[in-house]
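See structure below.
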Amino acid sequence: MARMKFLCDADRCIECNACVTACKNEHEVPWGINRRRVVTINDGKPGERSISMACMHCTDAPCAAVCPVNCFYSTADAVVLHSKDLCIGCGYCFYACPFGAPQYPKVGNFGSRGKMDKCTYCAGGPEADGSKAEYDKYGANRLAEGKLPLCAEMCSTKSLLAGDGEIIAQIYKERVVKRGYGSGAWGWKTAYKETIAT
Amino acid sequence: MLIKRTERQARRSALAEALAGSSNNSIDRRSFLRRSGLAAGGLATLGALPLTSVRKAEAAGTMAPGATIRKSICTHCAVGCTVTAEVVNDVWVGQEPSWESPINRGSHCAKGAAVRELVSGERRLKYPMKLVNGQWTRVSWDQAINEIGDKIQEVWKSSGPDSVYWLGSAKMTNEGAYLFRKLGAFAGTNNTDHQARICHSTTVTGVANTWGYGAMTNNPNDMRNAKTLFFIGSNAAEAHPVAMQHILESKELNKGNLIVCDPRMTRTAAHATEYVRFRPGCDIPLLYGMMWHILKNGWEDKEFIRQRVYGFDDLRKEVEKWTPEEVERVAGVPGDQLKRVAEMFATQKPSTIIWCMGQTQHSIGTAMVRASCIALLMTGNVGGPGMGANILRGHDNVQGATDVGLDIVTLPFYYGLAEGAWKHWARVWEVDYDYLLKRFDSKQIMETPGIPLTRWFDAALLPKDQVGQKDNVRAMFVQGHASNSITRIPESMKALEKLDLLVVADPHPTTWASLAVKAGRKNNMYLLPVATQFECKGSRVSTGRAMQWGEQIVKPIFESKDDLEIIYRIAKKLGFADQMFKNIKVENNLPVAEDVLREMNRGSWSTGYCGQSPERIKAHMKNQAKFDLVTLRAPKDDPEVGGDYYGLPWPCWGTPEVRHPGTPLLYNTNLAVMDGGGVFRARFGVTREETLPDGTKRQVNLLAEGSYSKDSEIKDGYPEFTLAVLKKLGWDKDLTEAELAVINKVNPANPDSVSWSLDLSGGIQRVAMKHGCVPYGNGKARMNAFGLPDPIPVHREPIYTPRVDLISKYPTLPDAKQFRLPNIGFSVQKAAVDKGIAKQFPIILSSGRLVEYEGGGEETRSNPWLAELQQDMFIEINPADAGERGIKDGAWVWVTGAENSAKAKVKALVTERVGRGVAWMPFHFGGWFGGDDLRAAYPAGTDPYVLGESANTITTYGYDPATGMQEPKVTLCQIRAA
């Protein structure tokens, strides 16, 4: 069975934000919700590096561990999804997530957050694949169509990789060997309890 | 840990099985790998993946039911990324990666990944609007065209045709831009310009005057061959992100040097192996400083210079002045760093120079780009893989719009404005030369370059006797050009109010609308909604000179119309549509794009658009997957595109039937001309008389010496081909009778003088190539470009420079009259010194691009997916400068400028990205002026989501003497906390 992962090659990422708008485009994500974003460290200084971040679809996902209503589930491809029907917008997952992935639309008064929204790995949600209900709540389901997440597919420099963990690790390894440097598979230790030895 | 497993069959069968290698029917492992970016990862083997399997996989993918795939080209920069649209019921429902395009291979940047929004854009201009007593009022298309036409004729009657200015666009297709230029010709004026003026006009003039053509010599894919990539004034990571794919992979695969010279430590510099910071405007000292080391150490390519370069000795004298000490004093670059960079550039070949607006947008931009060309010539880095001037263009069709002559100095395809050029186009258009002549005020003005768009407001405001035409500019017809990308906005406001007529045809109202209302304009202004290129079809030319055909993805939305239709309707109203569209089919007021391209094919011999028939270009789009990633060539045996280079990069010589494959690398002597080879163009004569110091004169050969393209029958330099030259060689016998008949018809009095560029039969080109020769001749490139204001590039301080101490040694050129207007740069520079401007405004202000926005930015700031990412106009300021002024990161500041008491309220971004004494602003913002929010000045519902101050509110005087280029990259400002 495939184990889907994301990997952002920080030596390739140029903070062009294609991944961010590709996600908006594919899922019609409203203003204010960012399922994916690019984080830059040492901005404007030598050593500046950027990383594209979204839900990493963790092994033993911390969000699922803290969810009081058990709205999270992992698919056969190890994609972490959630049910907006079950979600109560409590925000626990936001505090648990090491990557800041959960987003809330902030509907209504009295601090209510609304149903949590996050990256689905372009895999929709519990509703029937490709159904209108699924699209309305979670966006497109590319995985069911045999396609990968659009953010990675459209990455300008092929920095953001998506796919089976073993394959993308292999791609990254070969890249590092060929070019002679690599700053590591950022976030993998936290998300997948492993890293890529190069 | 609770793990729920989904029961969905689709996902399992599609992915799990694919991954297990049992390719069922939807996607196989190889295509999966390819999609994961492995092919991009530097594994050569994957470049050879059988592409058929990929296509099959995609075809089998379950799209939205009933969806059709349509392909167009991204409209947001000139890299030329293919956009793949899934369309259902004429609605663009999904955007898919364009895996087959050899240019973007599925990738996009933020803008390209968001283009689908454009065709549903809520903030688009929805119907024609008219300003009535200061209120925006909806009108019909017929009413708008009628009233505009009447007003234009009124202005013509009282002031002559030059008083109506036709400002076109690099966002038009070739067909649109060409027709717009043709419209200008039929309207009797050369006041027809577009964004290339403020983008790469200095490149076109400087580079063409060096070696023949002003375009990028190679292309982004070819940068994969380079060992040393030298950036000066290009921030490709933000301006051309998809080109960075090729650049970064080149750096990785070749263990290459990536050198970035820039006053800012840009996002491109973040990936450099060497970053060189220098003072804005000091490109020439930096480049000469490198050449000083190159010459001192003998790293120049002596054989290349001997065979293919003119004027080396003159150059050497200038370079010798730029010792490491002087370079450090002027440009601020340490000598040892420059020596290291010079050695890499000169010895670790092939090397390429990449530049963009950082180098072109200067009052000496032409000289600067020439210095870059000279560095390439000196080291023999032109005319081969991995070499050359990789000059990244901005707008998606700025190369094409320039080629088709939407310009003030030439008719289409660089024929110029002389009588011979007009006669050539009269023949192509099948109208009488006298008919065209009568449309103009005089023969003299017909052959005089027009007014650059950078000066339109000067042409409207200056006293009539200072404007070199019958009257001031009184009407502006603007189709697809921002106003906030032009410098000196406070000055232009006066003209916005004064004009008799202002027409803005654009998908958005643009800052023309909001600033005109702010300026107090109440009437005689029209907004016409234009469709984006995704709602039209036609060809566009990428930065690498490749022509690509965009299909219409959806019909024009709201009441917007195709550029071509608007041009036709205006021509019809003005009474010359029957002549202008004589050979172009018009359906329901819409000229047929293919017909327009065919007309271009028939007249574009000078630039080699003659072989790019619509059929060939469309076949390329259909067969994208067949072109090689690096060479861009299709296999020779392919039935449709065999042997062609992707997009038939011009020059694509001869008629389409000759099947010239296009020229991906200019001046490449390693290939035969029929395989895309070439030589430097013999454009500047055969010999030149030089006077030696002792007064004696000598004739110097301007033709190449012992260098020629592969398989050339002439093993030496040769002049451009004419019938006379063919006769001399005895090759005229190869001309067919039909070809000879056409040649005789072109010039019955003197057929011998008919050249390769005027021969409408293409016979002279065909015969020259049959003998392995390049039609335009085989000349030397010029280090000494006699005829330009500075034949050898000379450093001159910006008009507003903080280094007042350097002005006496490096002053700007004297005042002069250029392009019908006075250029008083020298007086302005002197006045600035006298007034002590540099003390009041001690910080250098530069401007540039953000990845999320494009150009004037109204379109991209109206796209919520992009606008959300950059919500505030800002200024980058160094922590030291900010600290002195008590400015905190993120706080509001007032930026004040050196002219017109200009001020702008923006947010501070305190960062070391800029050096001390330098500030930087993005130029995409608009809709604020002097601290005022102009949201209410837009027609209701058409205001972009994000508004902000325009950088050009602060920018100042300064015009390149050779092109009229503005100076938005160096001025002075002061910043204080708001």
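Every value quoted in this text rests on a predicted model; they were computed, and no experiment measured them. Just so it is clear, the values below take in all heavy atoms, side chains as well, and ignore hydrogens, waters and symmetry mates. Naming: A, B, ... by sequence-line order, numbering from 1 per chain.
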Using the side chain to side chain contact (heavy atoms under 4.5 Å, CB included) rule, take Val946(B) and Gln870(B) through it: C-alpha gap first, then chi angles, then the decisive distance, then the call. CA-CA 8 Å; Val946(B) 169; Gln870(B) 290 287 358; over 6 Å; no
Kindly determine whether Ser101(B) and Asn104(B) satisfy side chain to side chain donor-acceptor pair (under 3.5 Å), including the steps that lead there. CA-CA 6 Å; Ser101(B) 165; Asn104(B) 60 315; 2.8 Å; yes
Under 4.5 Å from any heavy atom of chain A - which part of [X]:
| X | result |
| --- | --- |
| Glu117(B) | neither |
| Ala867(B) | both |
| Tyr275(B) | neither |
| Glu852(B) | side chain |
| Glu238(B) | neither |

Sort [X] into side chain, backbone, both or neither according to what part of it lies under 4.5 angstrom from a heavy atom of chain B.
| X | result |
| --- | --- |
| Tyr181(A) | side chain |
| Arg49(A) | side chain |
| Ala78(A) | neither |
| Val29(A) | backbone |
| Thr40(A) | side chain |

Could you have a look at [options] and say which one has the most heavy-atom pairs with chain B under 4.5 angstrom?
| options | value |
| --- | --- |
| Gly32(A), Gly44(A), Ala22(A) | Gly44(A) |
| Leu150(A), Leu7(A), Asn25(A), Thr21(A) | Asn25(A) |
| Asn42(A), Asn34(A), Asp43(A) | Asp43(A) |
| Glu28(A), Arg179(A), Arg37(A) | Arg179(A) |

Tell me which one of Cys77(B), Cys74(B), Pro220(B), Cys81(B) satisfies side chain to side chain contact (heavy atoms under 4.5 Å, CB included) with Val242(B). Cys81(B)
Quick one: is the NZ or CZ of [X] closer than 6.0 Å to the six-membered ring centre of [Y], and within 45° of its axis?
| X | Y | answer |
| --- | --- | --- |
| Arg36(A) | Phe6(A) | yes |
| Lys5(A) | Tyr192(A) | yes |
| Arg861(B) | Tyr945(B) | no |

Can you tell me how far NZ of Lys115(A) sits from OG of Ser83(A), rounded to the nearest 0.5 angstrom? 8.0 Å
Just give me the residue among His271(B), Lys111(B), Lys255(B) that pairs up with chain A most often, heavy atom to heavy atom, under 4.5 Å. His271(B)
Identify which of Glu912(B), Arg267(B), Lys251(B), Met244(B) forms the greatest number of heavy-atom pairs closer than 4.5 Å to chain A. Arg267(B)
Donor-acceptor pair, side chain of Arg277(B) and main chain of Pro263(B), under 3.5 angstrom: yes
Under 3.5 Å, is there a donor-acceptor pair between the Ser98(B) and Thr82(B) side chains? no
In terms of heavy-atom contacts, does NZ of Lys193(A) have more than 12 from other residues, nucleotides or ligands at under 6.0 Å? yes
